[in-house]
2 protein chains.
Amino acid sequence: MNATVPKVTVQRLPVYLRCLEGLSSGQEHVSSDQLAELAGVNPAKVRKDLSYLGSFGVRGVGYGIEHLRFQIRIELGLEEDWPVVIVGIGNLGRALANYAGFGDRGFNIVGLFDADPAKVGKKVDGLVIEPLKNLKRSVQSKNASIGLVTTPAAAAQETAESLAAAGIRSILNFAPTVIAAPEGVDIRRVDLSTELQVLSFYLHRRRSD
Amino acid sequence: MNATVPKVTVQRLPVYLRCLEGLSSGQEHVSSDQLAELAGVNPAKVRKDLSYLGSFGVRGVGYGIEHLRFQIRIELGLEEDWPVVIVGIGNLGRALANYAGFGDRGFNIVGLFDADPAKVGKKVDGLVIEPLKNLKRSVQSKNASIGLVTTPAAAAQETAESLAAAGIRSILNFAPTVIAAPEGVDIRRVDLSTELQVLSFYLHRRRSD
DNA sequence: ACATGTGAAGCGCTTCACAGCG
DNA sequence: CGCTGTGAAGCGCTTCACATGT
């Protein structure tokens with residue numbers, strides 16, 4: 001339990017959480033070997049990762065599944081509530097708005113925004129799409145802390161700046177472009193086509209062996 | 001030009017490609033400093049990354065933008081065609097089927113599949129949704145090499161195995177679960193909620209400072 | 001006996017700093 | 001002179017191997 005959890009460990013914690021969920025409920029403990037197998041990593045890595053959170057494994061037995069899940073959730077801040085807004089309600093924005101997987105992790109979608117007047121006023125998953133001019137007011141009244149950018153590439157930078165101006169400090173960018181992070185804002189990129197390109201690289205490699 | 005491009009470099013190549021696209025067309029060359037600024041990385045890293053592909057920068061001038069784009073596309077295999085199938089046509093599958101960003105990079109969607117008989121036969125973006133039993137035949141006749149899994153978590157493992165049995169060697173898994181890779185298959189995971197959890201970690205960290 | 005927690009070694013990526021070249 | 005290409009140093013993560021604890 002301390003101030004330095006390596007970045008790579010932070011990225012693996014959600015994976016461990018996922019694996020723990022998939023575990024048979026007949027089981028109370030899990031060993032680093034078993035968890036490593038499920039997560040597709042080395043057992044020593046599992047132990048080292050978990051040791052950053054504290055040391056709540058039991059030697060000769062393993063980790064208590066419930067306790068481990070809870071500790072990871074605490075560490076990731078998932079016991080808190082993180083209201084989320086989505087800007088750009090096209091196909092992807094709509095899919096994310098409907099994505100049930102968010103709610104049960106403390107990520108509640110509290111606002112949908114779009115620049116297109118034709119979309120404003122329509123409902124998606126129980127929420128009314130608002131115009132961009134409402135962004136600041138809405139973010140502040142709903143205390144939103146995370147923004148998802150699902151606009152076209154051309155609008156992404158401007159959108160990020162509007163979100164920053166509205167007080168958002170964390171952005172997930174789904175638009176197929178690289179955004180310059182406004183001062184004090186943490187941006188992560190999810191680029192669907194980047195992932196395909198990485199697959200392509202290895203396919204290409206294999207093919208030309 | 002050689003056999004060992006580091007994994008991390010492969011992951012950055014698509015980012016560089018994105019940045020090059022955003023460059024003003026009045027410009028013919030780009031320096032490692034400028035590209036680094038756009039991509040949000042260290043200039044030396046840009047130079048080292050690009051040096052793995054060959055050495056086509058010009059000292060004192062920079063990299064020819066067109067040439068660089070072409071070389072990266074070659075290296076990533078984007079000059080080839082990679083037919084893609086999607087299994088699981090819910091909100092996300094539909095969004096991906098409609099996502100235009102794939103086509104212009106050689107990723108052509110050639111098949112849509114769903115287990116739900118009510119969906120089979122419907123059209124999405126010009127393609128008819130097929131039943132799973134057609135998977136193998138369709139993958140082989142269309143020479144598909146990449147499969148996107150957008151099923152519910154519970155069906156993801158089985159879907160991956162069907163894809164593998166049909167001859168697919170590369171899978172992008174969007175289902176919120178960790179899949180065990182079938183023999184000889186390369187799996188990459190895109191987990192929307194994992195990314196949110198990483199943001200959450202750092203928000204949580206900041207908040208408790 | 002068995003599985004965790006962890007120094008220490010190993011490995012790969014990042015960054016520096018400068019030689020090389022247009 | 002300016003910017004690339006790259007040895008070499010630095011750094012952080014991974015993995016090993018075993019002491020530690022139950």
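Atom set for the values below is all heavy atoms of this structure, side chains included, hydrogens, waters and symmetry mates excluded. In what follows, every chain begins at residue 1, and chains take the letters A, B, ... in the order their sequences are listed.
Contacts classified as side-chain hydrogen bond (donor to acceptor under 3.5 Å, both in side chains) and involving residues 174-191 of chain A (residues at least two apart or in different chains) are given here: A:Arg188-B:Glu195, A:Arg189-A:Asp191, A:Asp191-A:Thr194, A:Asp191-B:Arg18. Residue pairs that meet the side-chain hydrogen bond (donor to acceptor under 3.5 Å, both in side chains) test with at least one member in residues 148-158 of chain A, sequence neighbours left out, are A:Gln157-A:Glu161. Pairs engaging residues 57-66 of chain A under the side-chain hydrogen bond (donor to acceptor under 3.5 Å, both in side chains) rule: none recorded [sequence neighbours left out].
A:Arg12 has its CZ atom 9 Å from the P atom of D:dC13, to the nearest Å. With rounding to whole Å, A:His29 atom NE2 is found 17 Å from C:dC2 atom P. The distance from atom OH of A:Tyr52 to atom P of C:dG5 is 13 Å, rounded to the nearest whole Å. The distance from atom CD of B:Gln11 to atom C1' of C:dC13 is 12 Å, rounded to the nearest whole Å. Rounded to a whole Å, the NZ atom of A:Lys45 is 11 Å from the P atom of D:dC16.
One finds no salt bridge joining A:Arg137 and A:Glu130 here, because no Lys/Arg side-chain nitrogen approaches an Asp/Glu carboxylate oxygen to under 4.0 Å.
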For DNA chain C, the dot-bracket pattern of Watson-Crick and G-U pairs whose distances stay under 3.5 Å, | for other-strand partners: ||||||||||||||||||||||
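Scanning for side chain to side chain contact (heavy atoms under 4.5 Å, CB included) contacts around A:Glu80 gives A:Trp82, B:His204, B:Arg207, with sequence neighbours left out. In terms of the ring pair (Phe, Tyr, Trp, His ring centres under 6.0 Å) criterion, residue partners of B:Phe56 (sequence neighbours excluded) are, by chain and number, B:His67.
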Between side-chain atoms of residues 6-17 of chain A and protein atoms elsewhere (two or more places apart, or another chain), which donor-acceptor pairs fall under 3.5 Å?
{"unit_1": "A:Thr9", "atom_1": "OG1", "unit_2": "A:Asp49", "atom_2": "OD1", "d": "2.6"}
{"unit_1": "A:Arg12", "atom_1": "NE", "unit_2": "A:Asp49", "atom_2": "OD2", "d": "2.7"}
{"unit_1": "A:Arg12", "atom_1": "NH2", "unit_2": "A:Asp49", "atom_2": "OD1", "d": "3.0"}
{"unit_1": "A:Arg12", "atom_1": "NH2", "unit_2": "A:Asp49", "atom_2": "OD2", "d": "3.3"}
{"unit_1": "A:Tyr16", "atom_1": "OH", "unit_2": "A:Asp49", "atom_2": "OD2", "d": "2.6"}

Let me check something: any side-chain donor-acceptor pairs from residues 84-97 of chain A under 3.5 Å, sequence neighbours excluded? List them with distances.
{"unit_1": "A:Arg94", "atom_1": "NH2", "unit_2": "A:Ile89", "atom_2": "O", "d": "3.4"}

Heavy-atom protein contacts under 4.0 Å, nucleotides 2-12 of chain D, coded B base, S sugar-phosphate only, - none: BBBBBBB----
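Contact annotation: B:Asn42 reaches the phosphate of C:dC16 (side-chain N/O to OP1 or OP2, under 4.0 Å).
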